[in-house]
> 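Next up is a structure, given as structure tokens.
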There are 2 protein chains.
Amino acid sequence: MRVPKKERQRLLGELLEQNPFLTDEELAEHFSVSVQTIRLDRLECGIPELRERLKTVATRTMYEEVKSLQSDEVIGDIIDIELDQRAISLLDVTEDHVFQRNGIARGHHLFAQANSLAVAVMNDDLALTVKSNIHFVKPVKAGSRVIARAEVKEEQSTGKRTIVEVVSTVNDETVFTGEFTMYRMTERKQEDSK
Amino acid sequence: MRVPKKERQRLLGELLEQNPFLTDEELAEHFSVSVQTIRLDRLECGIPELRERLKTVATRTMYEEVKSLQSDEVIGDIIDIELDQRAISLLDVTEDHVFQRNGIARGHHLFAQANSLAVAVMNDDLALTVKSNIHFVKPVKAGSRVIARAEVKEEQSTGKRTIVEVVSTVNDETVFTGEFTMYRMTERKQEDSK
DNA sequence: CTGTTACTAGTACCAAGTGCTAATCCGGAA
DNA sequence: TTCCGGATTAGCACTTGGTACTAGTAACAG
């Protein structure tokens, strides 16, 4: 016996996890067993065939693409918005957002949430950030739910420049504040209520 | 003739673009033609069969997973670095980084490049951004290569606070500037050469 | 009436399997 | 030693979703 059956099946699982493209024949060669043995192993472990594996991987891709397309527009989920006035978005910080070493969210994710919210709240197709002044008040850990509140400062806004203030909190504690100076491409309308 | 051939082939392409999972049989039904006609259409248009389509989609996934993992650590490629002094990184702006409507790079990508470079240049395992003051000087279009230069401002740094200035350019033209106040978790060492 | 184009139909074949039956091998217990 | 059982291997029929190729039909154009 080259490798005990149980061990082989464990390895088989791992192998396919990180490379789902292997055929039974290739696997058989890799473990120096017959193709039939590999089939039995897959059967016992409930591992689907190559074509099914590719299908699920491909499905995941399509899903992620949709997700990333959406998130390309706004980082976080907008849960409330009044154009030209205020908006709120929500971002769940996952392991993907943090430094591995200390579990603290990387600054640019908080910035991205705030900045894209500032863009979204502007009632303009072509709003751009000109400058911004930001403060990372308190580190944010993985697992936190960050709520960003954006408010348009009408009084400080002039012509094509608009000031948006964003405050992000976790459990009502401020973790981030930012003042964004936005540039709107189309001239300010007096009142845009249709 | 249900739908003129050319039109059908165009639709076929679009359809498969956004749903590569359709079999010839399903497509034949959808267009009310025979399976053979679909095959001919695919042949003429150079559209591969279902299994090949899934394979490429799945491959893309695997690739993107690697990419997004890498980009978690540093946004852009660091091409030069002297710890505690200066660093340079390079970011190629693709369609993924820009607003669809005007092709201008979203601010948070430039910020992310600059911020992660500021973190990287700090000779500290646990550096965090405390605040920053940034300026988007000039819009960046897709296809641009952004070079970010970070410089540690020794003279303005005190204790655990360090100032890092980042200037990003495209073709020697400044597009972004930022001043990052960083917090280092371990106390400043006098000289760390070695 | 003859082409040409578009479409349809049918066959042989392939890859990568499933499902099933039937050997064969090998180690340990009676 | 012999027999049993789990592990392994082999072989065959069948399935999907195709390719490659041949052949036939329908419609319309010149």
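Fair warning: this is a prediction, and the values are worked out from it, not measured in the lab. Below, read A as the first sequence line, B as the second, and so on, with proteins coming before strands; counting in each chain starts at 1.
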> Among the candidates D:dA20, D:dT8, C:dA16, find the nucleotide nearest to the side-chain atoms of B:L43.
D:dA20
> Could you state the CZ-C1' distance from A:R39 to C:dA15, rounded to the nearest angstrom?
11 Å
> Which comes earlier along DNA chain C counting from the 5' end, the contact point of B:K55 or that of B:V35, where each point is its nearest nucleotide?
B:V35
> Specify the separation, in whole Å, of atom CG of A:D41 and atom P of D:dG6.
16 Å
> Would you kindly give the CG-to-C1' distance between B:L40 and D:dG18, to the nearest whole Å?
14 Å
> Using whole Å, report how far CG of B:L16 lies from C1' of D:dG18.
14 Å
> Rounding to a whole Å, what distance do you find between A:K6:NZ and D:dT8:P?
14 Å
> Give the rounded distance in Å between these two atoms: CG of B:L50 and C1' of C:dA15.
13 Å
> Return yes if some donor-acceptor pair links the side-chain N/O of A:E26 with the main-chain N/O of A:T23 below 3.5 Å, else return no.
yes
> Go through the N and O atoms of the side chain of A:R51 and the base of C:dG17, and report whether any donor-acceptor pair is under 3.5 Å.
no
> Check for a donor-acceptor pair, side chain of B:R53 on one end and backbone N or O of B:L22 on the other, with a separation under 3.5 Å.
yes
> Kindly say whether B:I104 contributes a backbone atom to a donor-acceptor pair with the side chain of B:N102 at under 3.5 angstrom?
yes
> Between D:dA7, C:dA16, C:dT18, spot the one nearest the side chain of A:K5, thanks.
D:dA7
> Kindly determine whether B:L117 and B:V164 satisfy side-chain contact (heavy atoms from CB on, under 4.5 Å), including the steps that lead there.
CA-CA 9 Å; B:L117 187 63; B:V164 179; over 6 Å; no
> Taking only side-chain N and O atoms of A:R8, does any of them lie within less than 4.0 angstrom of OP1 or OP2 on D:dT8?
yes
> With the threshold set at under 4.0 Å for non-hydrogen atoms, list the residues of residues 21-34 of chain A touching DNA chain D in residue-number order.
A:V33, A:S34
> Restricting to ring pair (Phe, Tyr, Trp, His ring centres under 6.0 Å), what partner residues turn up for B:F136, sequence neighbours left out?
B:F176
> Grab the CD-C1' distance between A:E52 and C:dT18 for me, whole Å please.
11 Å
> Where the side chain of A:T37 is defined as all heavy atoms beyond and including C-beta, which of D:dT9, D:dG18, C:dT8 is the nearest nucleotide?
D:dT9
> Could you check whether any side-chain N or O of A:R149 sits under 3.5 Å from a backbone N or O of A:V167, counting only pairs where one atom can act as donor and the other as acceptor?
no
> Pick the closest DNA chain D nucleotide for A:Q36 and for A:E44 by heavy atoms, then say which residue is nearer the 5' end.
A:E44
> Find the distance B:I47:CD1 to D:dT19:P and express it as a whole number of Å.
11 Å
> Any donor-acceptor pair under 3.5 Å linking the side chain of A:N123 with the backbone of A:L83?
no
> Which nucleotide wins on minimum distance to the side chain of B:R42, given the candidates D:dT8, C:dC7, D:dT19?
D:dT19
